[in-house]
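Atoms considered below: every heavy atom in the structure, side chains included; atoms not considered: hydrogens, waters and symmetry mates. Residue numbering restarts at 1 for every chain, and letters A, B, ... go by the order of the sequence lines.
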4 protein chains.
Amino acid sequence: MSTVAQRKRTRSPEDRRRDLMEAAVRVFATKGLHAGTVADIAESAGVAKGTFYLYFDSREHLLGALKQQLVTATVERVARFYERVGKEDWWALVDSMLESMIDLMIEQRDAILVFTREGLTPETSEIFAGCDRQLNEMIGSGIRAGVDAGVFQVADPALMGTLLHHAIEGTLMETILYQEAFDRDELVAGAKELVHKALSP
Amino acid sequence: MSTVAQRKRTRSPEDRRRDLMEAAVRVFATKGLHAGTVADIAESAGVAKGTFYLYFDSREHLLGALKQQLVTATVERVARFYERVGKEDWWALVDSMLESMIDLMIEQRDAILVFTREGLTPETSEIFAGCDRQLNEMIGSGIRAGVDAGVFQVADPALMGTLLHHAIEGTLMETILYQEAFDRDELVAGAKELVHKALSP
Amino acid sequence: MSTVAQRKRTRSPEDRRRDLMEAAVRVFATKGLHAGTVADIAESAGVAKGTFYLYFDSREHLLGALKQQLVTATVERVARFYERVGKEDWWALVDSMLESMIDLMIEQRDAILVFTREGLTPETSEIFAGCDRQLNEMIGSGIRAGVDAGVFQVADPALMGTLLHHAIEGTLMETILYQEAFDRDELVAGAKELVHKALSP
Amino acid sequence: MSTVAQRKRTRSPEDRRRDLMEAAVRVFATKGLHAGTVADIAESAGVAKGTFYLYFDSREHLLGALKQQLVTATVERVARFYERVGKEDWWALVDSMLESMIDLMIEQRDAILVFTREGLTPETSEIFAGCDRQLNEMIGSGIRAGVDAGVFQVADPALMGTLLHHAIEGTLMETILYQEAFDRDELVAGAKELVHKALSP
DNA sequence: GATGAATGAGGCTTCATTCAT
DNA sequence: CATGAATGAAGCCTCATTCAT
């Protein structure tokens with residue numbers, strides 16, 4: 001129709017796949033995970049419906065890819081901090097991790113939104129279960145190490161890690177979901193206060 | 001014909017409605033919110049599909065009623081504690097509220113599960129938005145009152161309330177979702193530790 | 001639309017099922033097995049597309065039912081004659097069986113047409129394989145009995161049974177497929193001549 | 001660049017066409033006529049999907065070519081025997097024709113299989129109609145000539161020709177379809193017995 | 001010529017909702 | 001009131017065909 005509409009007739013497979021995944025997140029964030037159809041995604045990506053199936057075996061496979069991407073990004077980010085545990089100042093590490101995680105969540109906000117809102121059908125929640133297990137393990141281990149080092153003091157490091165993780169994730173999601181504007185720095189400050197107090201003796 | 005043969009041929013409209021709502025929660029918890037059909041619900045409630053529409057205008061209306069019920073129960077529970085703020089020992093109130101809220105969530109676990117996992121389509125999340133706003137307001141006010149009374153010390157009472165709220169809700173949901181068995185008392189203890197530390201000077 | 005179109009809003013399940021199967025045979029005979037869609041069948045049966053799925057799990061299940069019906073009718077007819085083998089005049093039995101089988105094929109002509117033309121996908125031919133095995137066994141046994149009784153004389157009764165079976169079935173199908181008019185009695189006469197000669201010493 | 005590197009980079013158009021037709025028969029025999037896609041055929045022929053359309057206007061045209069090929073081979077084979085009618089010993093001609101026809105069918109078994117099982121949609125059966133008409137005419141004429149010569153004795157030569165034709169074709173197809181191994185000589189012997197008896201006085 | 005990414009019509013199936021009984 | 005057969009809109013997916021490279 002328009003001359004702008006067809007910049008390139010064929011893109012590299014990687015680009016096309018990414019286009020579709022981005023379009024999917026866009027669509028799902030707008031219309032909801034269930035209400036967003038393959039047709040919507042294809043249209044939003046500027047391709048025909050059939051093209052979708054050249055890059056994903058099915059709608060379900062796309063969801064899998066989206067979940068995997070989110071999970072991988074999150075686990076990797078946490079892992080990067082986990083490696084630094086014990087090698088530098090404990091409280092500085094806590095602070096920089098908090099900021100980094102909050103920024104990651106803000107980056108991935110749409111995807112997180114989609115999956116925390118509608119993405120967990122009974123059959124497909126294993127991938128998130130595995131992710132949460134890994135995250136909790138790393139966070140818990142980190143806290144335990146701090147306890148052993150005499151820096152932190154917590155009765156149940158694993159449980160405390162989980163509680164703090166959800167405190168921040170849940171608050172961020174609620175903020176994004178229901179508030180017009182939101183202040184990233186305010187949230188960071190609040191999170192730091194909570195975590196510092198929670199880990200202090 | 002015989003009076004024995006018709007034990008409960010007809011139930012009161014209120015009972016039927018409740019039957020259907022309970023059946024719906026049962027079905028949704030098992031098959032997922034989206035996969036659970038009106039036919040499933042009707043069957044699980046022991047009535048014909050058409051009967052469903054005598055008690056609910058549509059599937060969407062049922063979801064609304066379910067959400068409303070959950071929200072109301074939660075808000076009422078919190079409100080009961082909010083009324084007691086300032087009238088008794090601050091820490092005892094915190095502890096009893098924590099236990100009560102955790103028990104409420106365990107009671108309502110199926111309904112919470114359903115809506116936490118799949119229930120928040122963009123159009124229908126206002127109910128939860130309102131709920132969260134109310135809860136946060138009450139919790140925040142309570143904390144602020146404690147701060148004013150010199151018992152608590154928190155930089156941003158509202159934000160801290162939100163953080164603690166999600167810490168507990170998120171952890172409980174994750175526990176219910178992914179763990180076979182879970183220890184209610186352990187969770188209560190962990191929550192108390194977190195909240196005490198978070199509110200303490 | 002028309003006042004005639006809706007004779008009865010609900011028919012007995014058996015009737016409705018039969019309606020659909022008859023409509024299917026009609027449609028398949030006209031448009032071909034593959035080209036005939038569920039929509040065509042439903043329309044031809046005077047119901048909505050969705051109604052089809054109240055009576056058959058899938059298009060494939062309908063095909064199964066159609067095949068089974070054809071196979072059952074054929075096997076039963078042959079079995080009825082097989083029971084009479086040896087109890088009455090051999091040649092009279094041959095003649096009456098020939099007529100009866102030809103008449104059955106004429107009755108079921110559309111269904112036979114459909115399945116001999118397009119119905120045998122690699123995966124779904126077992127049902128016909130079983131049918132043919134049964135028929136060949138009965139016909140072969142019958143001929144062998146006649147040979148043992150000294151009435152017939154054939155080198156390989158099973159093979160001869162198969163040959164005669166296909167002679168008649170194939171000819172009848174070709175006649176139906178390609179000829180405007182066809183003379184049932186002529187065909188019966190030709191079949192009798194062939195079979196008599198084939199079985200005679 | 002090097003002359004060795006391009007063994008058969010380009011084949012003659014005729015060869016390519018034949019490659020595709022052979023690939024098609026291969027694919028159809030394996031997956032079924034309807035399930036075999038143009039993509040399958042192209043892949044099996046070692047060319048790209050688009051190349052298919054350089055040699056055939058459409059999938060339907062390929063089917064036409066395949067049918068035509070089968071029909072032509074069959075008609076030619078029968079015609080070769082028809083020419084010899086009356087010029088040599090009648091029974092020897094019958095026997096050699098029987099063997100030759102059975103061998104032809106075995107050769108072309110895949111193609112025959114494909115079209116016998118799924119290939120006859122209402123619109124496209126004319127080709128086969130014409131073929132059968134021709135065959136029947138030749139066979140019928142041959143038999144009639146034998147009758148006129150006083151060698152054969154048959155009430156309706158045309159009908160008997162058709163019956164014998166289908167006896168052999170149907171039996172062969174069933175054998176190929178449903179039996180692991182099959183004995184060509186046994187089948188030839190049975191066919192000869194049938195035909196000899198059918199044509200004898 | 002050859003390629004294969006892109007297209008989109010069309011098929012199968014599900015399920016919320018209606019309505020005659 | 002209760003029923004459940006019937007409806008049809010809407011979704012997912014396939015594959016013959018096209019066309020820019």
Side-chain angles (χ1 to χ4, degrees), chain A residues 6 8-13 15-16 34-43 45-62, chain B residues 9-13 16 34-43 46-62, chain C residues 6 8-13 15-16 34-43 45-62, chain D residues 9-13 16 34-43 46-62:
Chain A
Q6 36 180 328
K8 250 189 183 179
R9 201 164 298 254
T10 69
R11 307 199 55 182
S12 85
D15 287 352
R16 196 60 103 182
H34 174 246
T37 70
V38 171
D40 293 331
I41 296 167
E43 188 190 335
V47 299
K49 233 185 326 172
T51 304
F52 176 91
Y53 291 94
L54 296 177
Y55 296 92
F56 298 96
D57 286 345
S58 69
R59 187 184 190 279
E60 210 57 33
H61 277 77
L62 164 72
Chain B
R9 173 96 60 91
T10 47
R11 306 201 55 178
S12 79
R16 263 290 148 78
H34 175 247
T37 68
V38 171
D40 293 331
I41 296 168
E43 187 191 338
V47 299
K49 227 184 331 170
T51 305
F52 177 91
Y53 288 90
L54 297 175
Y55 295 93
F56 297 96
D57 286 346
S58 70
R59 186 183 191 277
E60 212 55 32
H61 276 78
L62 165 71
Chain C
Q6 37 180 325
K8 250 189 182 178
R9 200 164 299 253
T10 69
R11 305 199 56 183
S12 86
D15 287 351
R16 195 60 101 183
H34 175 246
T37 69
V38 171
D40 293 330
I41 296 168
E43 187 190 337
V47 299
K49 234 185 325 174
T51 305
F52 176 91
Y53 290 92
L54 296 176
Y55 296 92
F56 298 97
D57 287 345
S58 69
R59 187 184 190 278
E60 210 57 33
H61 277 78
L62 164 72
Chain D
R9 172 98 61 90
T10 47
R11 305 201 55 178
S12 80
R16 263 289 147 80
H34 175 247
T37 68
V38 171
D40 293 331
I41 296 168
E43 186 192 338
V47 299
K49 227 184 332 171
T51 305
F52 177 92
Y53 288 90
L54 298 175
Y55 296 94
F56 297 95
D57 287 346
S58 70
R59 187 183 191 277
E60 210 57 30
H61 277 78
L62 165 71

Exercise for the section: Round to the nearest Å and state the distance from C:Ile41 atom CD1 to E:dG11 atom C1'. Expected result: 12 Å
Exercise for the section: Report the nucleotide, chosen from F:dG11, E:dC15, E:dT17, that has the shortest atom-to-atom distance to any side-chain atom of A:Thr37. Expected result: F:dG11
Practice task
Kindly compute the distance separating CZ (D:Phe52) from CG (D:Asp40), expressed to the nearest 0.5 Å.
Solution key: 11.5 Å
Practice task
Grab the CZ-C1' distance between A:Arg11 and F:dA20 for me, whole Å please.
Solution key: 17 Å
Fill in the blank from the handout: note: A:His34, atom NE2; E:dC15, atom C1'; distance rounded to Å ~ 10 Å
Completion exercise
Nearest-nucleotide check on DNA chain F, B:Lys49 vs A:Lys49; residue mapping nearer the 5' end is B:Lys49
Problem - Closest heavy-atom pair and its distance - A:Arg59, A:His34 - result: NH2-O, 3.6 Å
Handout entry: Set of ring-ring contact (aromatic ring centres under 6.0 Å, His included) partners for C:Tyr53, sequence neighbours left out
Key = none
Handout entry: Minimum-distance nucleotide (side-chain atoms of D:Leu54 versus E:dT3, F:dT3, E:dT13)
Key = E:dT3
Handout entry: Gap between atom NZ of A:Lys49 and atom OG1 of A:Thr37 - 0.5 Å precision
Key = 8.5 Å
Handout entry: First of D:Ser58 and A:Val38 reached from the 5' end of DNA chain F, by closest nucleotide
Key = A:Val38
Problem - Length of the line joining B:His61:NE2 and E:dT17:C1', which is rounded to integer Å - result: 14 Å
Exercise for the section: Could you check which of F:dA2, F:dT7, E:dT7 has an atom nearest any side-chain atom of B:Tyr55? Expected result: F:dA2
Completion exercise
The reported gap from OG1 in A:Thr51 to CZ in A:Arg16 (rounded to nearest 0.5 angstrom) is 6.5 Å
Practice task
Would you indicate, yes or no, if E:dG1 has its OP1 or OP2 atom less than 4.0 angstrom from a side-chain nitrogen or oxygen of D:Arg16?
Solution key: no
Fill in the blank from the handout: Regarding the side chain of B:Val47, the nearest nucleotide among E:dC12, F:dA2, F:dT3 is F:dT3
Practice task
Please work out if C:Phe56 contacts a base, only the sugar-phosphate, or nothing of the nucleic acid, heavy-atom cut-off 4.0 Å.
Solution key: nothing
Exercise for the section: Represent DNA chain E in dot-bracket notation, 5' to 3'. Only Watson-Crick or G-U wobble pairs with both distances under 3.5 Å count; pseudoknot-style crossings use [ ] and interstrand partners use |. Expected result: .||||||||||||||||||||
Problem - Rounded distance in Å - CD (A:Glu60) to C1' (F:dG11) - result: 13 Å
Handout entry: Contact check, side chains of C:Leu54 and C:Val47, non-hydrogen atoms, under 4.5 Å
Key = no
Fill in the blank from the handout: Rounded to whole Å, the CG-P distance (C:Leu62 to E:dG11) equals 16 Å
Practice task
Remember a base hit wins even if backbone is also touched, and classify D:Thr51 as base, sugar-phosphate or nothing at under 4.0 Å, heavy atoms.
Solution key: base
Practice task
Starting at atom CG of D:Asp57, determine the distance to atom P of F:dT18, rounded to an integer number of angstrom.
Solution key: 9 Å
Practice task
Can you tell me the distance, in whole Å, between the CG atom of B:Asp40 and the P atom of E:dT14?
Solution key: 13 Å
Practice task
Could you say whether D:Phe52 or B:Tyr53 is positioned toward the 5' end of DNA chain E, judged by the nucleotide with the nearest heavy atom to each?
Solution key: D:Phe52
